[in-house]
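Below is one structure, written out as C-alpha coordinates; comments come after it.
All values below come from the heavy atoms of this structure, side chains included, with hydrogens, waters and symmetry mates left out. What you see is a predicted model; the values in this text were computed from it and never measured.
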Amino acid sequence: MKALRRPLIAGNWKLNKTVKEAVELVTLLKRLLADCQDVDVVVCPPFTALGEVSELLIESEIRLGAQDLYWEEKGAFTGEVSGSLLKDAGASFVIVGHSERRQFFHETHETVHKKTKAALKSGLVPIVCVGETLKEREADKTFEVLEAQIKGALTGLGREEVEGLAVAYEPVWAIGTGKVATPAQAEEAHVFIRTQILREFGEDVAAALRLLYGGSVKPDNTAELMREPDIDGALVGGASLEAQSFSAIVKNAAGAALK
Ligand code: 13P
(Lines give C-alpha, C1' and ligand atoms only; values in the text may rest on other atoms or scores of the structure.)
Protein backbone atom coordinates (compact mmCIF):
# COMPACT_ATOMS: atom_id res chain seq x y z
CA MET A 1 0.00 0.00 0.00
CA LYS A 2 2.80 2.40 0.90
CA ALA A 3 4.47 2.10 -2.46
CA LEU A 4 1.48 3.82 -4.07
CA ARG A 5 1.92 6.97 -2.05
CA ARG A 6 4.65 9.31 -3.17
CA PRO A 7 6.67 10.64 -0.23
CA LEU A 8 6.12 14.29 0.62
CA ILE A 9 8.60 16.36 2.62
CA ALA A 10 7.49 19.88 3.51
CA GLY A 11 9.55 22.54 5.25
CA ASN A 12 7.64 24.88 7.53
CA TRP A 13 9.86 27.90 7.99
CA LYS A 14 7.47 29.48 10.51
CA LEU A 15 8.40 33.09 11.38
CA ASN A 16 11.91 32.96 9.92
CA LYS A 17 13.87 34.27 6.93
CA THR A 18 14.01 37.64 5.26
CA VAL A 19 13.46 37.70 1.51
CA LYS A 20 17.25 37.68 1.00
CA GLU A 21 17.73 34.72 3.34
CA ALA A 22 14.84 32.86 1.69
CA VAL A 23 16.39 33.35 -1.74
CA GLU A 24 19.76 32.09 -0.49
CA LEU A 25 18.22 29.00 1.08
CA VAL A 26 16.13 28.08 -1.95
CA THR A 27 19.03 28.68 -4.33
CA LEU A 28 21.08 26.18 -2.35
CA LEU A 29 18.22 23.70 -2.08
CA LYS A 30 17.70 23.74 -5.83
CA ARG A 31 21.32 22.79 -6.30
CA LEU A 32 21.39 20.12 -3.60
CA LEU A 33 18.13 18.51 -4.70
CA ALA A 34 18.59 18.83 -8.47
CA ASP A 35 18.56 15.08 -9.05
CA CYS A 36 16.14 14.00 -6.34
CA GLN A 37 13.04 12.86 -8.19
CA ASP A 38 11.40 10.33 -5.93
CA VAL A 39 9.98 12.72 -3.37
CA ASP A 40 7.64 15.71 -3.51
CA VAL A 41 9.43 18.61 -1.82
CA VAL A 42 7.62 21.71 -0.59
CA VAL A 43 8.98 24.84 1.09
CA CYS A 44 6.66 27.08 3.11
CA PRO A 45 8.26 30.51 3.64
CA PRO A 46 6.52 33.41 5.36
CA PHE A 47 4.05 35.33 3.16
CA THR A 48 6.58 38.11 2.51
CA ALA A 49 8.97 35.77 0.67
CA LEU A 50 6.41 33.85 -1.42
CA GLY A 51 6.76 36.02 -4.52
CA GLU A 52 10.56 35.90 -4.75
CA VAL A 53 10.75 32.20 -3.91
CA SER A 54 8.06 31.46 -6.48
CA GLU A 55 10.16 33.13 -9.21
CA LEU A 56 13.14 31.01 -8.20
CA LEU A 57 11.14 27.80 -8.35
CA ILE A 58 9.75 28.28 -11.85
CA GLU A 59 12.14 25.75 -13.41
CA SER A 60 12.31 23.52 -10.34
CA GLU A 61 10.51 20.45 -9.03
CA ILE A 62 10.39 22.02 -5.56
CA ARG A 63 6.90 23.29 -4.83
CA LEU A 64 5.81 26.33 -2.89
CA GLY A 65 3.48 26.32 0.11
CA ALA A 66 2.11 28.92 2.51
CA GLN A 67 1.71 28.56 6.26
CA ASP A 68 -1.89 29.69 6.63
CA LEU A 69 -4.82 31.22 4.75
CA TYR A 70 -8.14 32.90 5.43
CA TRP A 71 -11.37 31.33 4.22
CA GLU A 72 -12.92 34.41 2.63
CA GLU A 73 -11.93 35.13 -0.94
CA LYS A 74 -11.62 38.92 -0.68
CA GLY A 75 -13.03 41.95 1.12
CA ALA A 76 -12.67 43.88 4.34
CA PHE A 77 -10.50 41.43 6.33
CA THR A 78 -7.45 43.46 7.26
CA GLY A 79 -4.29 41.43 7.54
CA GLU A 80 -5.66 38.24 6.00
CA VAL A 81 -4.58 36.37 2.87
CA SER A 82 -6.92 34.16 0.82
CA GLY A 83 -6.30 30.93 -1.06
CA SER A 84 -6.64 32.64 -4.42
CA LEU A 85 -4.02 35.24 -3.45
CA LEU A 86 -1.68 32.41 -2.42
CA LYS A 87 -2.32 30.68 -5.74
CA ASP A 88 -1.62 33.94 -7.49
CA ALA A 89 1.69 34.24 -5.58
CA GLY A 90 2.69 30.79 -6.89
CA ALA A 91 1.77 28.50 -3.98
CA SER A 92 0.31 25.06 -4.54
CA PHE A 93 0.23 23.86 -0.90
CA VAL A 94 -0.88 25.45 2.35
CA ILE A 95 -0.48 24.38 5.98
CA VAL A 96 -3.78 24.47 7.87
CA GLY A 97 -4.45 24.20 11.60
CA HIS A 98 -0.86 24.02 12.80
CA SER A 99 -0.75 23.57 16.57
CA GLU A 100 0.93 26.97 16.93
CA ARG A 101 -2.09 28.54 15.25
CA ARG A 102 -4.46 26.55 17.44
CA GLN A 103 -2.48 27.47 20.56
CA PHE A 104 -1.52 31.12 19.95
CA PHE A 105 -4.21 32.30 17.52
CA HIS A 106 -7.23 30.46 18.88
CA GLU A 107 -7.97 28.36 15.83
CA THR A 108 -10.83 25.95 16.42
CA HIS A 109 -12.16 22.83 14.70
CA GLU A 110 -14.53 25.15 12.86
CA THR A 111 -11.88 27.56 11.55
CA VAL A 112 -9.62 24.68 10.56
CA HIS A 113 -12.52 23.16 8.62
CA LYS A 114 -13.33 26.43 6.86
CA LYS A 115 -9.69 26.95 5.93
CA THR A 116 -9.35 23.40 4.62
CA LYS A 117 -12.43 23.86 2.44
CA ALA A 118 -11.26 27.25 1.21
CA ALA A 119 -7.82 25.87 0.33
CA LEU A 120 -9.35 23.06 -1.72
CA LYS A 121 -11.70 25.49 -3.45
CA SER A 122 -8.70 27.61 -4.48
CA GLY A 123 -6.90 24.58 -5.87
CA LEU A 124 -4.32 24.42 -3.09
CA VAL A 125 -3.33 21.16 -1.38
CA PRO A 126 -4.01 21.63 2.34
CA ILE A 127 -1.63 20.01 4.81
CA VAL A 128 -4.00 19.64 7.75
CA CYS A 129 -2.20 19.43 11.10
CA VAL A 130 -3.37 17.43 14.10
CA GLY A 131 -1.67 16.30 17.28
CA GLU A 132 -2.00 15.99 21.03
CA THR A 133 -0.25 17.92 23.81
CA LEU A 134 1.91 16.18 26.40
CA LYS A 135 -0.84 16.62 28.97
CA GLU A 136 -3.35 14.93 26.67
CA ARG A 137 -0.98 12.06 25.93
CA GLU A 138 -0.27 11.54 29.62
CA ALA A 139 -3.99 11.53 30.33
CA ASP A 140 -4.42 8.81 27.69
CA LYS A 141 -6.44 11.12 25.47
CA THR A 142 -4.31 10.98 22.31
CA PHE A 143 -6.82 9.08 20.20
CA GLU A 144 -9.75 11.09 21.51
CA VAL A 145 -7.98 14.34 20.54
CA LEU A 146 -6.95 13.05 17.12
CA GLU A 147 -10.46 11.82 16.39
CA ALA A 148 -11.98 15.20 17.30
CA GLN A 149 -9.41 17.09 15.22
CA ILE A 150 -9.82 14.86 12.17
CA LYS A 151 -13.61 15.01 12.37
CA GLY A 152 -13.53 18.75 13.00
CA ALA A 153 -11.35 19.42 9.98
CA LEU A 154 -12.72 16.95 7.47
CA THR A 155 -16.32 15.94 8.20
CA GLY A 156 -18.54 17.27 5.46
CA LEU A 157 -15.87 17.24 2.77
CA GLY A 158 -16.30 15.05 -0.32
CA ARG A 159 -14.22 11.93 -0.91
CA GLU A 160 -12.40 13.45 -3.87
CA GLU A 161 -11.53 16.46 -1.71
CA VAL A 162 -10.06 14.38 1.11
CA GLU A 163 -8.13 12.24 -1.36
CA GLY A 164 -6.30 15.35 -2.53
CA LEU A 165 -5.09 16.60 0.81
CA ALA A 166 -2.37 15.62 3.24
CA VAL A 167 -2.63 15.24 7.01
CA ALA A 168 0.33 15.96 9.29
CA TYR A 169 0.47 14.27 12.68
CA GLU A 170 2.47 16.62 14.86
CA PRO A 171 2.47 15.72 18.55
CA VAL A 172 2.83 19.10 20.26
CA TRP A 173 5.36 17.70 22.76
CA ALA A 174 7.70 16.83 19.89
CA ILE A 175 7.63 20.22 18.15
CA GLY A 176 10.81 22.20 18.57
CA THR A 177 11.79 20.13 21.61
CA GLY A 178 14.28 17.72 20.07
CA LYS A 179 12.07 14.99 21.52
CA VAL A 180 10.97 13.03 18.45
CA ALA A 181 8.16 10.48 18.67
CA THR A 182 9.48 6.95 18.31
CA PRO A 183 8.66 5.37 14.96
CA ALA A 184 6.25 3.05 16.82
CA GLN A 185 4.46 5.97 18.52
CA ALA A 186 4.15 7.86 15.24
CA GLU A 187 3.02 4.76 13.33
CA GLU A 188 0.38 4.01 15.96
CA ALA A 189 -1.09 7.50 15.59
CA HIS A 190 -0.92 7.31 11.79
CA VAL A 191 -2.74 3.98 11.74
CA PHE A 192 -5.41 5.49 13.98
CA ILE A 193 -5.82 8.50 11.66
CA ARG A 194 -5.92 6.35 8.53
CA THR A 195 -8.56 4.15 10.12
CA GLN A 196 -10.64 7.23 10.91
CA ILE A 197 -10.38 8.32 7.29
CA LEU A 198 -11.31 4.82 6.15
CA ARG A 199 -14.45 4.84 8.32
CA GLU A 200 -15.60 8.22 7.10
CA PHE A 201 -14.45 8.28 3.49
CA GLY A 202 -13.81 4.68 2.45
CA GLU A 203 -10.86 2.49 1.60
CA ASP A 204 -9.67 4.19 -1.59
CA VAL A 205 -9.44 7.60 0.06
CA ALA A 206 -7.66 6.16 3.10
CA ALA A 207 -5.19 4.33 0.89
CA ALA A 208 -4.41 7.45 -1.17
CA LEU A 209 -4.13 9.99 1.63
CA ARG A 210 -0.60 11.05 2.52
CA LEU A 211 0.14 11.15 6.23
CA LEU A 212 3.15 13.17 7.31
CA TYR A 213 4.88 13.09 10.67
CA GLY A 214 6.13 16.34 12.22
CA GLY A 215 8.06 17.08 15.41
CA SER A 216 11.86 17.25 15.68
CA VAL A 217 12.46 15.51 12.35
CA LYS A 218 16.20 15.57 11.61
CA PRO A 219 18.42 13.91 8.98
CA ASP A 220 19.34 11.10 11.37
CA ASN A 221 15.80 10.10 12.36
CA THR A 222 14.11 10.45 8.96
CA ALA A 223 14.81 7.01 7.53
CA GLU A 224 13.53 5.05 10.53
CA LEU A 225 10.32 7.10 10.59
CA MET A 226 9.83 6.78 6.83
CA ARG A 227 10.24 3.00 6.96
CA GLU A 228 6.97 2.74 8.90
CA PRO A 229 4.19 1.66 6.53
CA ASP A 230 1.83 4.54 7.32
CA ILE A 231 4.36 7.39 7.44
CA ASP A 232 4.44 8.95 3.99
CA GLY A 233 6.52 12.02 4.65
CA ALA A 234 7.44 14.74 7.08
CA LEU A 235 6.58 18.29 8.02
CA VAL A 236 9.88 19.76 9.12
CA GLY A 237 10.37 22.89 11.21
CA GLY A 238 13.83 23.76 12.55
CA ALA A 239 15.78 21.44 10.25
CA SER A 240 14.15 23.00 7.17
CA LEU A 241 15.89 26.32 7.83
CA GLU A 242 19.28 25.01 6.65
CA ALA A 243 19.81 23.71 3.13
CA GLN A 244 22.15 20.93 4.23
CA SER A 245 19.84 19.45 6.85
CA PHE A 246 16.64 19.81 4.79
CA SER A 247 18.19 18.27 1.69
CA ALA A 248 19.60 15.42 3.81
CA ILE A 249 16.10 14.76 5.17
CA VAL A 250 14.69 14.65 1.63
CA LYS A 251 17.42 12.27 0.47
CA ASN A 252 17.07 10.01 3.50
CA ALA A 253 13.30 9.91 2.95
CA ALA A 254 13.80 8.96 -0.69
CA GLY A 255 16.22 6.20 0.29
CA ALA A 256 13.88 4.77 2.92
CA ALA A 257 10.86 4.89 0.60
CA LEU A 258 12.64 2.79 -2.01
CA LYS A 259 13.28 -0.03 0.46
P1 13P B 1 10.32 21.09 14.49
O2 13P B 1 10.76 20.25 13.32
O3 13P B 1 11.16 22.32 14.68
O4 13P B 1 10.10 20.30 15.71
O5 13P B 1 8.87 21.69 14.07
C6 13P B 1 7.88 20.83 13.63
C7 13P B 1 6.75 21.63 13.08
O8 13P B 1 6.03 22.28 13.83
C9 13P B 1 6.54 21.63 11.64
O10 13P B 1 5.33 22.19 11.30
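- Note on Asp38 versus Arg6: no salt bridge recorded, every NZ/NE/NH1/NH2 to OD/OE distance being 4.0 Å or above.
- In this structure the side chain of Val81 never reaches within 4.5 angstrom of the side chain of Tyr70, judged on heavy atoms.
- Between the side chain of Glu187 and the backbone N or O of Asp230, at least one donor-acceptor pair lies under 3.5 Å.
- Side-chain atoms of Cys44 and Phe93, non-hydrogen and from C-beta on, never get closer than 4.5 Å to each other.
- Formation of a donor-acceptor pair under 3.5 Å by the Ser60 side chain with backbone atoms of Lys30 is not found in this model.
- Judged by distance alone, the side chain of Gln67 and the main-chain N or O of Ile95 form no donor-acceptor pair under 3.5 Å.
- Ionic pairing of Arg137 and Glu132 is present here: one or more N-O contacts between side-chain nitrogen and carboxylate oxygen are shorter than 4.0 angstrom.
- The main-chain N or O of Leu157 is never found under 3.5 Å from a side-chain atom of Lys117 such that the two would form a donor-acceptor pair.
- With respect to Lys17 and Glu24, no salt bridge is recorded, no charged nitrogen being found less than 4.0 Å from a carboxylate O.
- Put simply, the side chain of Val130 reaches to within 4.5 Å of the side chain of Arg102, judged on heavy atoms.
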Begin from the C-alpha positions of Leu235 and Tyr169 and carry the test side-chain contact (heavy atoms from CB on, under 4.5 Å) through to its verdict.
-> CA-CA 9 Å; Leu235 183 55; Tyr169 168 61; over 6 Å; no

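- The distance from the CD atom of Glu136 to the CZ atom of Phe143 is 13.5 Å, given to the nearest 0.5 Å.
- Residues Glu147 and Glu144 have side chains not in contact (no heavy-atom distance under 4.5 Å, counting atoms from C-beta outward).
- Summarising the geometry of Leu64 relative to Val42, their closest heavy-atom pair is C-CG1, 4.0 Å, with the distance given to 0.1 Å.
- At distances below 3.5 Å, not a single donor-acceptor pair connects side-chain atoms of Thr222 with backbone N or O atoms of Ala253.
- Side-chain polar atoms of His98 and Glu170 form a donor-acceptor pair below 3.5 angstrom.
- Counting only distance, with no hydrogens or angles, the side chain of Gln185 and the backbone of Thr182 share a donor-acceptor pair below 3.5 Å.
- Atom OG of Ser82 sits about 10.5 Å away from atom CZ of Phe77, to the nearest 0.5 Å.
- Remark: the backbone N or O of Ala207 is paired with a side-chain donor or acceptor of Arg5 at under 3.5 angstrom.
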Under the salt bridge (Lys or Arg N to Asp or Glu O under 4.0 Å) criterion, do Arg194 and Asp232 qualify, and how do the steps go?
-> CA-CA 12 Å; Arg194 205 180 294 286; Asp232 310 310; 2.8 Å; yes

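- Residues Val96 and Asp68 fail the side-chain proximity criterion, which asks for heavy atoms closer than 4.5 Å.
- Distance alone, capped at 3.5 Å, is enough to place a donor-acceptor pair between the His113 side chain and the Ala153 backbone.
- Checked by atom type and distance alone, the side chain of Tyr213 never pairs as donor or acceptor with a backbone atom of Pro171 at under 3.5 Å.
- Side-chain N/O atoms of Thr155 and Glu200 include a donor and acceptor closer than 3.5 Å.
- Heavy-atom neighbours of Asp220 CG from other residues, nucleotides or ligands within 6.0 Å: above the threshold of 12.
- Arg63 and Asp40 are not joined by a salt bridge, as no carboxylate oxygen comes within less than 4.0 angstrom of a charged side-chain nitrogen.
- A salt bridge between Lys251 and Asp35 is absent, with no side-chain N of the basic residue lying under 4.0 Å from a carboxylate O of the acidic one.
- Formation of a donor-acceptor pair under 3.5 Å by the Asn252 side chain with backbone atoms of Ile249 is not found in this model.
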Trp13/Leu25 under side-chain contact (heavy atoms from CB on, under 4.5 Å): CA gap, chis, key distance, verdict = CA-CA 11 Å; Trp13 296 4; Leu25 174 52; 3.4 Å; yes

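- Taking a 6.0 Å sphere around CD of Glu242, one finds it holds 12 or fewer heavy atoms contributed by other residues, nucleotides or ligands.
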Can you list the steps and then say if Leu225 with Val180 is a side-chain contact (heavy atoms from CB on, under 4.5 Å)?
-> CA-CA 10 Å; Leu225 287 161; Val180 63; 4.2 Å; yes

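- More than 12 heavy atoms of other residues, nucleotides or ligands shown are found within 6.0 angstrom of CD on Glu80.
- Side chains of Val167 and Leu212 form no contact here, defined as non-hydrogen atoms less than 4.5 Å apart.
- Residue-environment remark: CG (Leu15) stays at or below the threshold of 12 foreign heavy atoms within 6.0 Å.
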Between Glu107 and Lys115, does a salt bridge (Lys or Arg N to Asp or Glu O under 4.0 Å) hold up when you go through it step by step?
-> CA-CA 10 Å; Glu107 297 234 357; Lys115 289 182 174 193; 2.5 Å; yes

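- Rounding to the nearest 0.5 Å places NE2 of His106 at 10.0 Å from CZ of Phe104.
- A distance of 10.5 Å separates CG of Leu209 from NE2 of His190, quoted to the nearest 0.5 Å.
- Looking only at side-chain heavy atoms (C-beta outward), Phe246 and Leu241 stay at 4.5 Å or farther from each other.
- Here the side chains of Ser240 and Val43 are not in contact, with every heavy-atom distance at 4.5 Å or above.
- Nearest heavy-atom pair across Leu146 and Ala189 is CD1-CB, 4.0 Å.
- Between the OG1 atom of Thr142 and the CD atom of Glu188 there is a distance of 8.0 Å, given to the nearest 0.5 Å.
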